[in-house]
Amino acid sequence: MASNSTKSFLADAGYGEQELDANSALMELDKGLRSGKLGEQCEAVVRFPRLFQKYPFPILINSAFLKLADVFRVGNNFLRLCVLKVTQQSEKHLEKILNVDEFVKRIFSVIHSNDPVARAITLRMLGSLASIIPERKNAHHSIRQSLDSHDNVEVEAAVFAAANFSAQSKDFAIGICNKISEMIQGLATPVDLKLKLIPILQHMHHDAILASSARQLLQQLVTSYPSTKMVIVSLHTFTLLAASSLVDTPKQIQLLLQYLKNDPRKAVKRLAIQDLKLLASKTPHTWNRENIQALCECALQIPYDSLKLGMLSVLSTLSGTIAIKHYFSMAPGNVSSSPRSSDLVKLAQECCYHNNRGIAAHGVRVLTNITVSCQDKDLLALEQDAVFGLESLLVLCSQDDSPGAQATLKIALNCMVKLAKGRPHLSQSVVETLLTQLHGAQDAARILMCHCLAAIAMQLPVLGDGMLGDLTELYKVIGRSATDKQQELLVSLATVIFVASQKALSAEIKAVIKQQLESVSNGWTVYRIARQASRMGNHDMARELYQSLLTQVASEHFYFWLNSLKEFSHAEQCLTGLQEENYSSALSCIAESLKFYHKGIASLTAASTPLNPLSFQCEFVKLRIDLLQAFSQLICTCNSLKTSPPPAIATTIAMTLGNDLQRCGRISNQMKHSMEEFRSLASRYGDLYQASFDADSATLRNVELQQQSCLLISHAIEALILDPESASFQEYGSTAAAHADSEYERRMMSVYNHVLEEVESLNRKYTPVSYMASGICFIDRVFSLSLLALSPSPRNPAEPIAVQNNQQLALKVEGVVQHGSKPGLFRKIQSVCLNVSSTLQSKSGQDYKIPIDNMTNEMEQRVEPHNDYFSTQFLLNFAILGTHNITVESSVKDANGIVWKTGPRTTIFVKSLEDPYSQQIRLQQQQAQQPLQQQQQRNAYTRF
């Protein structure tokens with residue numbers, strides 16, 4: 001999240017002004033709206049969406065839309081059309097209009113115009129505003145009245161508005177349903193208008209009765225009007241209504257299958273196939289065995305390849321869902337059917353070797369999904385059919401570099417990866433087939449095949465050794481030109497080699513890769529290969545490649561970035577020399593690694609820019625450095641028991657202090673310090689995890705594993721040395737049970753489980769202070785924002801807001817969620833968590849006895865953003881006189897309920913002043929007490 005942007009809108013818009021705020025930008029556009037020239041007015045109108053995008057807050061948007069409404073009311077039709085387009089482009093900002101009544105009043109005044117075009121534009125404008133005025137009866141009445149107009153433009157606009165209002169308003173949908181029914185069935189209504197009215201019925205899903213009546217009407221239309229266009233529009237509306245209402249989906253599937261089987265028209269069959277695929281992807285659980293069987297029979301009998309391709313695409317979609325298990329488990333008579341004898345399998349086997357590539361691809365996909373899904377059945381014949389079908393498709397498509405062949409090849413390769421994962425005993429034959437075809441295939445096909453080999457090798461590392469020979473021979477002869485395909489192929493093939501070698505890259509393979517890169521590759525290709533080498537743990541190779549690129553970049557930021565990667569690779573390479581139970585070499589390796597890590601973090605800091613601060617990378621590397629230092633300190637602590645054993649009087653000191661750990665001497669305090677250090681590192685890893693909302697799942701899993709390793713070491717120290725009774729193994733159960741997606745993760749999980757088992761056995765076998773163990777876990781691989789606005793807000797950020805101590809401050813917090821280039825790529829924002837806290841900075845006036853509840857403010861609210869906008873209010877109490885610091889911190893919650901601390905953190909100051917009435921009462925009391933004090937002083941002098 002970021003604070004309010006002050007970038008100039010008008011500089012981007014072309015006005016030439018610099019650093020104007022939102023009000024100044026709006027004033028400049030308002031000048032254009034009040035201009036006497038039509039061109040300047042239109043130019044000002046079309047610039048409003050950019051203004052809304054830059055300053056998406058309700059006050060500005062409300063003012064801007066009111067000005068646009070004035071232009072719509074008094075302007076000509078062309079200006080009205082421009083305002084309509086701006087409104088449709090700014091649909092997500094409509095709910096920020098504060099004066100909706102006034103805005104709609106100015107727009108609605110044009111509906112009484114004598115110009116039918118002006119009325120049509122007004123109707124479209126009202127339809128675009130349906131989300132904020134769904135229950136406006138005057139708008140409903142105008143739409144119903146305009147449907148009877150004699151002007152075609154106005155009627156089409158009324159149809160558009162009726163569709164939008166039907167989607168938003170249940171009352172309007174109920175009221176307009178009979179009207180539409182009369183118009184559709186009326187003889188006076190033109191056919192083209194009927195075709196435009198029918199799609200409105202797809203929005204009649206607000207309740208079961210309304211959906212049933214709309215379905216009955218559509219059923220009558222399909223029967224009464226058998227023309228092709230009418231049947232197509234009615235069936236498609238039928239399908240959309242069933243998909244939205246979810247009640248009549250099985251009936252709709254049966255109806256579509258009936259038209260697919262009985263209607264001779266190809267256009268109707270295509271529409272039925274298209275709608276069946278929509279229902280297969282949306283509601284696969286509503287498909288029963290009879291539906292799939294009917295579709296298979298149609299596909300077996302149809303003579304047209306285009307229609308057969310569509311039916312197979314529906315079946316391939318269903319084969320990857322729960323419907324395929326229903327097909328084989330719920331046979332008539334509740335008897336499980338044999339997959340080999342079913343029509344679905346016969347159809348797939350028949351299509352595997354079809355001369356149409358698309359049909360063959362879908363046939364192979366169906367066979368693969370059946371083979372993988374039905375694990376409890378004996379499918380040896382089906383497995384062979386699937387493998388042979390994939391081989392034939394691979395041979396066919398690998399020699400063709402057309403887009404259609406490449407799309408088919410992707411389907412086949414995805415099936416190969418799925419088959420190797422679901423049926424591991426078939427993976428060897430799949431890999432041999434890929435390696436055989438890799439030599440004679442086109443470059444585009446080779447790239448895809450390399451991706452497939454890498455995916456299989458990541459799932460089954462045991463197959464890597466068998467690939468290296470063929471891959472190395474191919475790499476020697478692969479590149480003879482500097483084309484884009486050749487460069488991509490160099491990267492893909494190198495990636496497969498790195499995956500297959502499993503960090504043990506021989507000198508011969510290194511020489512082959514370097515020779516090819518020196519001859520035909522460019523700098524970007526070398527960088528991509530170096531990154532792949534870093535990912536797969538080949539740090540020595542990566543360091544050499546980064547070193548070769550240092551002199552080939554034109555920016556110092558790029559130079560420092562590459563230099564940091566080189567240093568990090570060198571540091572990780574130093575850690576590969578670690579040997580078990582050789583602590584002296586471990587200390588030297590860690591010290592050498594830390595030296596290069598410190599060089600790397602200096603270069604990484606220099607590579608950061610204001611636009612690209614590299615905050616995650618810097619924090620991750622700092623944690624890595626601190627983790628290595630913690631391990632080094634732990635090893636030194638363990639070695640100190642040999643070099644500096646406990647003194648002879650340690651037992652006496654322990655008995656005197658009542659602490660058995662003192663029998664070990666000073667090492668007990670050192671171990672306690674190490675445990676706290678590892679727990680602190682685990683907490684910092686957790687903070688980094690929560691701050692990385694936009695990170696991919698693999699990166700987050702890596703951070704989580706690092707955190708678990710720190711917790712594991714601290715747990716081992718506590719369980720074996722410090723306090724075994726308070727140590728708990730429960731927090732590691734989720735880690736042990738988590739599903740490992742990569743070999744790297746599987747190795748880490750096995751290490752964790754082994755350490756836990758050892759700790760448990762040693763804890764049962766020995767007393768806590770008589771045995772000391774140290775374990776080192778090294779990681780081999782290194783590697784939406786929102787605007788907040790507070791009101792009231794001071795003119796000067798350092799100036800406090802004045803509030804009386806007997807009143808409460810209503811703090812309004814509003815913001816806009818800003819996304820990157822790919823919003824919702826890994827996770828979506830469900831709600832925004834706002835935490836408001838206040839602290840007393842300086843105190844003024846006398847001390848009064850104030851209840852503890854009035855001294856601090858700690859509040860939290862969760863708001864669901866709508867169209868990326870959220871707003872809420874807090875009621876704060878400042879009973880203590882003085883200056884208070886209010887901090888508003890925001891975080892986001894994703895769809896899985898995980899809270900991410902993305903920020904921002906905004907601070908304002910409030911000065912609590914004494915209210916005039918209390919101040920007057922206090923002054924009167926002071927004045928009344930002064931004579932009494934003077935009289936007491938005189939009495940004291942008299943007695944003296």
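Distance alone, capped at 3.5 Å, places no donor-acceptor pair between the S234 side chain and the V231 backbone. For the pair E297 (side chain) and A294 (backbone), a donor-acceptor distance under 3.5 Å is absent. Without hydrogens or angle criteria, S181 side chain to C177 main chain gives no donor-acceptor distance under 3.5 Å. A donor-acceptor pair is defined here as one N or O able to donate and one able to accept, closer than 3.5 Å; such a pair exists between the side chain of S281 and the backbone of L278. In terms of modelled atom types and a separation under 3.5 Å, the side chain of T189 and the main chain of M183 share a donor-acceptor contact. Remark: side-chain polar atoms of R446 are paired, donor with acceptor, to backbone N or O of H439 under 3.5 angstrom. A donor-acceptor distance shorter than 3.5 angstrom exists from the side chain of S392 to the backbone of G389, with no hydrogens or angles considered.
In summary, the side chains of N291 and Q254 do not present any donor paired with an acceptor at a separation below 3.5 Å, with no hydrogens or angles considered. E383 and T371 form no side-chain donor-acceptor contact under 3.5 Å, judged by distance and modelled atom types alone. Checked by atom type, the side-chain pair D400/S402 shows a donor-acceptor distance below 3.5 Å. N288 and H326 form no side-chain donor-acceptor contact under 3.5 Å, judged by distance and modelled atom types alone. Between the side chains of S128 and Q88, at least one donor-acceptor pair of N or O atoms lies under 3.5 Å. Using modelled atom types and a 3.5 Å distance limit, the side chains of Q252 and T239 yield a donor-acceptor pair. Residues Y225 and Q220 bring no donor and acceptor atom of their side chains to less than 3.5 Å of each other. For the residue pair E135 and S169, a side-chain donor N or O sits within less than 3.5 Å of a side-chain acceptor on the partner. Between H362 and S316, the side chains place a donor N or O and an acceptor N or O closer than 3.5 Å (distance only, hydrogens not considered). A side-chain donor-acceptor contact under 3.5 Å links D696 and T699.
We find that K308 and D305 are not joined by a salt bridge, their nearest charged nitrogen and carboxylate oxygen being 4.0 Å or further apart. Classification of D894 and K828 as a salt-bridged pair fails, no side-chain N sitting under 4.0 Å from a carboxylate O.
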Inset, instruction - Show your working on side-chain contact (heavy atoms from CB on, under 4.5 Å) between L367 and C352 and close with a plain yes or no. - result: CA-CA 9 Å; L367 275 182; C352 278; 3.3 Å; yes
Inset, instruction - I would like to know whether L409 and R357 meet side-chain contact (heavy atoms from CB on, under 4.5 Å); could you show each step before the answer? - result: CA-CA 9 Å; L409 183 60; R357 287 193 301 259; over 6 Å; no
Inset, instruction - Go through the steps for V345 and I370 under the test side-chain contact (heavy atoms from CB on, under 4.5 Å), then give the verdict. - result: CA-CA 8 Å; V345 173; I370 293 174; 4.0 Å; yes
Inset, instruction - Run the numbers on M230 and V222 for side-chain contact (heavy atoms from CB on, under 4.5 Å), then give the verdict. - result: CA-CA 7 Å; M230 190 67 75; V222 170; over 6 Å; no
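With a 4.5 Å cut-off on side-chain heavy atoms, N369 and R365 count as touching. In this structure, the side chains of L201 and L217 come closer than 4.5 Å at one or more pairs of heavy atoms. Side-chain contact between L307 and I273 is present, with heavy atoms from C-beta onward closer than 4.5 Å. When side chains are defined from C-beta on, Q202 does not count as touching H236, because their heavy atoms never get closer than 4.5 Å. Side chains of L218 and I198 form a contact here, defined as non-hydrogen atoms less than 4.5 Å apart. Counting only heavy atoms from C-beta outward, the side chains of V387 and T433 never approach each other to under 4.5 Å. Residues W287 and L318 meet the side-chain proximity criterion, which asks for heavy atoms closer than 4.5 Å. Between D248 and L241, every side-chain heavy-atom pair lies at or beyond the 4.5 Å cut-off.
Geometric assessment of K269 against the ring of Y259 yields a negative cation-pi assignment under the 6.0 Å and 45° thresholds.
For the salt bridge (Lys or Arg N to Asp or Glu O under 4.0 Å) condition, the pairs that include at least one residue of residues 173-199, sequence neighbours left out, are D148-K179, E156-K196.
Within 6.0 Å of atom CD in Q399, more than 12 heavy atoms from other residues, nucleotides or ligands are found, so the atom counts as buried in its surroundings.
Taking every heavy atom of both residues into account, D207 and L210 meet most closely at OD1-N, 2.7 Å. When every heavy atom of M449 is checked against every heavy atom of S398, the shortest pair comes out as SD-CB, 4.4 Å. The minimum heavy-atom distance between K261 and C298, with the atom names listed, is CB-SG, 3.7 Å. Taking each heavy atom of P865 and S831 in turn, the nearest pair found is CD-CA, 3.9 Å. In terms of heavy-atom proximity, R827 sits nearest to A695 at NH1-O, 2.7 Å. Heavy-atom minimum distance, I324 versus S319: CG2-O, 3.5 Å.
C415 SG to L390 CG: the interatomic distance, rounded to the nearest 0.5 Å, is 6.0 Å. Interatomic distance, T286 OG1 to I253 CD1, rounded to the nearest 0.5 Å: 3.5 Å. Annotation: the span from M204 atom CE to S213 atom OG amounts to 8.0 Å, rounded to 0.5 Å. Taken to the nearest 0.5 Å, the CD1 atom of I292 stands 12.0 Å off from the CG atom of D343. Summarising the geometry, atom CG belonging to D401 is positioned 9.0 Å from atom CG belonging to D443; distances are rounded to the nearest 0.5 Å. Rounding to the nearest 0.5 Å gives a distance of 8.5 Å between CD1 of I898 and CG of L700.
Using cut-offs of 30° and 60° on the angle between ring planes, the pair H140 and F165 is perpendicular.
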